[in-house]
Participant: 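Have a look at this one.
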Amino acid sequence: MSGMGSGVLAVQTGIPDSSIAAGASMGCARLSAVELALLQQYGRRRVLHAGDVLFRRGDAGTSMFIIISGAIGLDFCQDMPSKQLGAHDFFGELGLLIEHHLRSSDARATEETVLQEVSHADFQRLIDLDPEMVLFFLRRTLSRVVSSEQRLVDQLSRRNQELETALGNLYNANDELHQTRELVYCDDLTGLSNRRALTLYLQKAHRAGDGPQGLLLIDCDDFKGLNDSQGHLAGDHALQSVGRVLSSVASRDDIACRLGGDEFCVLLHRADEARLARAAEFVLEAVRGLVAYPGAAPGACSVSIGLVLIEAGRPWNSIYSRADRALYGAKRRGGNRACWSRR
């Protein structure tokens with residue numbers, strides 16, 4: 001039987017210490033009178049005062065403990081409730097059975113407590129002395145381990161389901177936040193940025209010290225006449241058509257914006273006179289193509305554009321005013337063209 005005991009003591013496994021699981025459905029942590037009488041013959045007595053720590057979670061365990069009198073509190077990780085043990089309860093038995101087993105709880109005396117500490121060598125002598133009793137004790141202990149492990153699996157399964165639910169809620173909240181952001185910063189008719197998004201863009205550029213270098217201020221020609229003659233749905237179609245053209249002009253670092261009504265702008269992050277002129281010509285030609293396209297849906301109209309090269313440090317109101325004067329210069333010349341503000 002001593003050979004069997006050596007084999008048992010050499011077992012290595014990842015099963016949690018049964019003594020720290022929150023309760024057990026098969027077998028209890030309390031010794032029978034026969035077991036207690038036998039085990040008290042071995043090991044050494046330990047006296048703890050209230051508040052004394054016997055071991056901490058993560059300490060290597062090599063002993064089992066029996067409470068002769070008093071009480072021990074086992075404090076587990078945050079996910080498990082603590083446990084209170086009293087007289088004739090035992091705990092830490094996997095310290096005997098598993099080599100270098102790591103404790104899974106803090107053990108602290110909650111009152112004046114007397115313990116019997118049974119070491120690995122003590123338990124080996126018990127195996128030689130009364131193998132039948134030890135075998136019964138091991139069966140009961142392993143029963144508690146299996147029961148505790150099953151509860152842990154169930155708990156982790158529930159936790160996984162809770163995490164999946166929380167993750168799903170987080171994804172939904174993120175989608176709702178994204179949709180809300182789009183509503184706040186997007187023009188719902190054209191899909192372009194709105195004035196709020198333009199303000200945010202300018203604020204970020206100011207903080208970064210790297211503002212846009214070119215501005216196109218765009219206005220539809222005779223938009224009121226289009227609405228009056230063909231109706232507001234035709235007017236909406238015209239605005240949407242212009243919006244699609246402008247969105248194709250703006251790159252990732254630029255911004256195309258509907259300022260309100262039939263007024264739009266495009267801010268180019270990197271621009272010189274040649275690039276700004278090319279962008280304006282692209283917009284004019286694309287819109288002219290929509291107007292001249294055979295069988296085009298009602299609502300196409302030409303546009304006028306004011307162009308400004310932006311000087312670093314100039315306030316937005318000043319830049320906008322210059323572009324606005326250039327825009328109305330284009331309208332006074334009959335529209336369907338671009339004019340520069342070079343001052």
Side-chain angles (χ1 to χ4, degrees), residues 182-199 201-202 212 214-251 254-269 271 273 275-310 316-342:
E182 287 187 344
L183 291 174
V184 171
Y185 292 109
C186 289
D187 175 61
D188 57 355
L189 179 63
T190 65
L192 298 180
S193 299
N194 58 19
R195 282 184 177 272
R196 292 189 189 92
L198 177 63
T199 300
Y201 177 88
L202 293 171
L215 168 64
L216 291 82
L217 189 61
I218 303 111
D219 196 86
C220 295
D221 294 331
D222 194 24
F223 184 71
K224 183 178 184 304
L226 174 65
N227 271 334
D228 291 344
S229 62
Q230 299 191 40
H232 289 286
L233 288 179
D236 288 347
H237 175 78
L239 297 176
Q240 290 168 340
S241 298
V242 172
R244 285 192 290 271
V245 172
L246 298 184
S247 66
S248 67
V249 173
S251 68
D254 306 328
I255 185 171
C257 176
R258 182 187 177 199
L259 298 175
D262 61 329
E263 186 177 39
F264 301 83
C265 76
V266 177
L267 279 166
L268 301 179
H269 185 65
E273 186 170 317
R275 187 193 172 198
L276 201 57
R278 286 196 303 271
E281 189 60 29
F282 174 85
V283 172
L284 289 171
E285 288 299 321
V287 174
R288 287 168 187 158
L290 292 174
V291 174
Y293 182 76
C301 63
S302 62
V303 297
S304 296
I305 304 176
L307 303 178
V308 174
L309 281 173
I310 299 173
W316 167 250
N317 288 342
S318 173
I319 297 167
Y320 178 85
S321 295
R322 289 177 56 198
D324 193 50
R325 288 194 295 271
L327 169 65
Y328 279 93
K331 284 188 172 293
R332 284 193 298 271
R333 294 171 59 186
N336 193 24
R337 70 188 67 232
C339 284
W340 284 88
S341 172
R342 300 186 183 275

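All heavy atoms count here, side chains included; hydrogens, waters and symmetry mates do not.
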Participant: Minimum heavy-atom separation for Thr190 and Leu239, please, with both atom names.
Facilitator: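 Closest pair (atom of Thr190, atom of Leu239, distance): CG2-O, 3.6 Å.
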
Participant: Apply the side-chain contact (heavy atoms from CB on, under 4.5 Å) test between Ser304 and each candidate in Leu284, Leu217, Ile218, Leu327; give the one that qualifies.
Facilitator: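 With Ser304 as partner, Leu284, Leu217, Ile218, Leu327 yield a single side-chain contact (heavy atoms from CB on, under 4.5 Å), made by Leu327.
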
Participant: Looking at every heavy atom in both Arg288 and Asn336, which two are closest together, and how far apart are they?
Facilitator: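 Shortest heavy-atom contact: NH2-O, 2.8 Å.
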
Participant: Could you tell me the separation between the OG atom of Ser193 and the CG atom of Leu259, rounded to the nearest 0.5 Å?
Facilitator: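 It comes to 10.5 Å.
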
Participant: Going from CG on Leu202 to CD1 on Ile319, what distance comes out if it is rounded to the nearest 0.5 angstrom?
Facilitator: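 Leu202 atom CG to Ile319 atom CD1 measures 8.0 Å (nearest 0.5 Å).
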
Participant: Is the shortest heavy-atom distance from the side chain of Glu263 to the side chain of Asp324 under 4.5 Å?
Facilitator: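 Yes, at least one pair of side-chain atoms sits under 4.5 Å.
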
Participant: Write down the atom of Leu192, the atom of Ala256, and the distance for their closest heavy-atom approach.
Facilitator: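 For Leu192 and Ala256, the tightest heavy-atom pair comes out as CB-O, 3.7 Å.
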
Participant: Which pair of heavy atoms, one from Leu215 and one from Leu276, lies closest together, and at what distance?
Facilitator: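 For Leu215 versus Leu276, the nearest heavy atoms are N-CD1, 3.9 Å.
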
Participant: Which heavy atom in Ala277 sits nearest to a heavy atom in Trp340, and how many Å separate them?
Facilitator: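 Shortest heavy-atom contact: CB-CZ2, 4.0 Å.
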
Participant: Do Asp254 and Ser251 meet the criterion of a side-chain donor-acceptor pair at a distance under 3.5 Å?
Facilitator: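 Indeed, the side chains of Asp254 and Ser251 share at least one donor-acceptor pair under 3.5 Å.
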
Participant: Show the nearest heavy-atom pair for residues Cys220 and Cys301, with the distance to one decimal.
Facilitator: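 Taking every non-hydrogen atom into account, CB-SG, 3.7 Å.
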
Participant: Please check if the side chain of Arg325 supplies one atom and the backbone of Tyr328 the other of a donor-acceptor pair under 3.5 Å.
Facilitator: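 No, Arg325 side chain to Tyr328 backbone: no donor-acceptor pair under 3.5 Å.
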
Participant: At what distance, to the nearest 0.5 angstrom, does CG of Leu290 lie from OG of Ser241?
Facilitator: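 Leu290 CG to Ser241 OG: 5.5 Å, rounded to 0.5 Å.
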
